[in-house]
Protein chains: 2
Amino acid sequence: MRLTTKGRYAVTAMLDLALHEGQGPISLADISERQGISLSYLEQLFAKLRRNTLVKSVRGPGGGYQLNHDKQAISVAQVVDAVNESVEATGCARQGDCQSGETCLTHHLWCDLSDQIHSFLHGISLADLVLRKDVKDVANRQDRRHGSQVFLTTADSLLADKAAV
Amino acid sequence: MRLTTKGRYAVTAMLDLALHEGQGPISLADISERQGISLSYLEQLFAKLRRNTLVKSVRGPGGGYQLNHDKQAISVAQVVDAVNESVEATGCARQGDCQSGETCLTHHLWCDLSDQIHSFLHGISLADLVLRKDVKDVANRQDRRHGSQVFLTTADSLLADKAAV
DNA sequence: ATTTATCCGAGCATTTAAGTAGGGTATAGA
DNA sequence: TCTATACCCTACTTAAATGCTCGGATAAAT
């Protein structure tokens with residue numbers, strides 16, 4: 001099992017798409033600038049996300065990427081899985097043949113751990129993240145800094161202004 | 001974050017010690033044979049476990065390793081930590097400076113995940129594992145195969161015999 | 001036609017895991 | 001005292017993955 005910037009980048013980029021939903025296709029250049037991720041690396045990640053039908057692309061000027069499903073229907077676990085970062089703690093892919101064909105001493109422990117992690121990440125959708133206060137705060141900071149027009153509710157604006165002071 | 005055979009080996013080896021507690025020092029050669037782990041690699045892992053005072057060693061013939069604390073007092077999390085496999089999902093070690101000094105969009109998500117994993121692994125002690133049926137079954141199979149005398153309760157013997165048929 | 005963007009593949013530096021190799025040192029027992 | 005056993009330690013090797021870069025191709029809007 002491993003969780004590195006690869007999976008974190010993927011989730012961050014997908015969340016960026018979710019945050020700017022309704023603004024048409026979002027280019028990778030925008031995401032790269034806002035989230036501080038290398039453009040070429042983003043391309044590779046989005047190739048996998050597209051193959052897993054999590055996003056759809058529009059080519060040409062004004063093009064970019066959009067979520068292919070509803071925010072609520074995309075879980076963090078799906079995104080992490082899509083870029084090949086398995087959230088699987090066993091070494092035998094749950095087969096139980098960890099020790100030369102037989103079950104190793106700690107097999108079930110790692111199965112339990114895998115279940116924990118998977119159900120945790122599966123229970124969080126992009127929509128859930130968009131609603132979180134800490135996410136909103138960071139998103140507003142990023143949008144202000146990179147000159148994107150954001151659609152804030154009055155309440156959100158007041159909160160953001162307060163946070164900025 | 002990463003969890004590979006390194007951390008799994010460490011927990012498996014520590015559990016082997018816990019299972020054979022009261023039989024004097026256990027040699028790494030025994031653990032190597034029972035658990036199918038390279039002897040030299042075990043030596044490296046136990047160097048770290050010893051530096052973290054999780055085990056104590058006895059040198060010379062008849063020597064080996066023993067748990068340095070009570071089974072109940074050693075958690076899986078401690079063992080994994082000892083071999084430098086941090087169960088930390090953030091890339092900034094919780095500092096919140098993930099994106100060029102500022103907090104990245106998904107920082108809090110990975111903090112939450114880290115908490116989940118850590119509290120799960122912290123809540124499981126070696127004593128807990130020793131009591132599990134699946135662990136007992138594997139341990140009995142291993143001991144029978146490698147000719148070690150095991151101290152079974154009558155109930156355990158019956159269970160093990162049944163399982164062997 | 002030119003610009004903007006997604007696509008696609010090759011390649012590369014760095015790190016880590018996992019294991020090998022080959023020394024040593026302490027000690028129980030003959 | 002000798003010797004076998006076992007811990008101890010350092011250094012190397014192999015393989016794989018991460019996180020990039022670079023160069024180019026294709027599609028579409030101006």
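Keep in mind that what you see is a predicted model, and the values were worked out from it rather than measured. Numbers restart at 1 for each chain; the letters A, B, ... are given by sequence-line order, proteins then strands.
Contact annotation: S57(A) side-chain N/O to dT6(C) OP1/OP2 distance is not under 4.0 Å. In terms of phosphate contacts, T5(A) brings no side-chain nitrogen or oxygen within less than 4.0 Å of OP1 or OP2 of dT18(D). Contact annotation: Y9(B) does not reach the phosphate of dA17(C) (side-chain N/O to OP1 or OP2, under 4.0 Å).
The separation between Q66(B) atom CD and dA6(D) atom C1' is 14 Å, rounded to whole Å. Between the CG atom of L3(B) and the P atom of dT16(C) there is a distance of 16 Å, given to the nearest Å. K6(B) places its NZ atom 8 Å from the C1' atom of dT16(C), with the value rounded to the nearest Å. Atom CG in L28(B) sits about 14 Å away from atom C1' in dC9(D), given to the nearest Å. Atom P of nucleotide dA28(D) and atom OH of Y65(A) are separated by 14 Å, given to the nearest angstrom. Atoms CZ (R2(A)) and P (dA17(D)) sit 7 Å apart, rounded to a whole Å. Going from atom CD1 of I26(B) over to atom P of dC7(D) covers 10 Å, rounded to whole Å.
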Might you list the N or O atoms of the protein lying below 3.5 Å from N or O atoms in nucleotides 28-30 of chain C, with each pair's distance?
none

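Sorted pairs that involve residues 73-99 of chain A and meet ring pair (Phe, Tyr, Trp, His ring centres under 6.0 Å), not counting sequence neighbours, are lacking altogether. Every pair tested for ring pair (Phe, Tyr, Trp, His ring centres under 6.0 Å) that includes a residue from residues 76-113 of chain A fails, sequence neighbours excluded, so the list is empty. Residue pairs meeting the salt bridge (charged side-chain N to carboxylate O under 4.0 Å, His left out) criterion with at least one partner in residues 62-76 of chain B, sequence neighbours excluded, are E21(B)-K71(B). Among pairs with a residue in residues 47-56 of chain B, none fulfils salt bridge (charged side-chain N to carboxylate O under 4.0 Å, His left out), at least two apart in sequence or across chains. Every pair passing salt bridge (charged side-chain N to carboxylate O under 4.0 Å, His left out) that includes a residue from residues 75-95 of chain B is listed here, sequence neighbours excluded: E88(B)-R94(B), R94(B)-D115(B).
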List, one per line, each side-chain donor-acceptor pair under 3.5 Å for residues 122-131 of chain A, sequence neighbours excluded.
{"unit_1": "S125(A)", "atom_1": "OG", "unit_2": "A127(A)", "atom_2": "N", "d": "3.3"}
{"unit_1": "S125(A)", "atom_1": "OG", "unit_2": "D128(A)", "atom_2": "N", "d": "3.1"}
{"unit_1": "S125(A)", "atom_1": "OG", "unit_2": "D128(A)", "atom_2": "OD2", "d": "3.2"}
{"unit_1": "D128(A)", "atom_1": "OD2", "unit_2": "S125(A)", "atom_2": "N", "d": "3.0"}

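With sequence neighbours left out, N84(B) forms a side chain to side chain donor-acceptor pair (under 3.5 Å) with no residue at all. In this view, R132(B) and D112(A), D134(B) satisfy the side chain to side chain donor-acceptor pair (under 3.5 Å) rule, not counting sequence neighbours. With sequence neighbours excluded, no residue forms a ring-ring contact (aromatic ring centres under 6.0 Å, His included) with H69(A).
Taking the six-membered ring where the residue is Trp, F46(B) and Y65(B) present tilted rings, their angle falling between 30° and 60°.
Contact check of residues 36-53 of chain B against DNA chain C (heavy atom, cut-off under 4.0 Å) returns S38(B), S40(B), Y41(B), Q44(B). Heavy-atom distances under 4.0 Å link DNA chain C to no residue of residues 97-106 of chain A.
Using a cut-off of 4.0 Å between Lys/Arg side-chain N and Asp/Glu carboxylate O, D137(B) and K133(B) are scored as salt-bridged.
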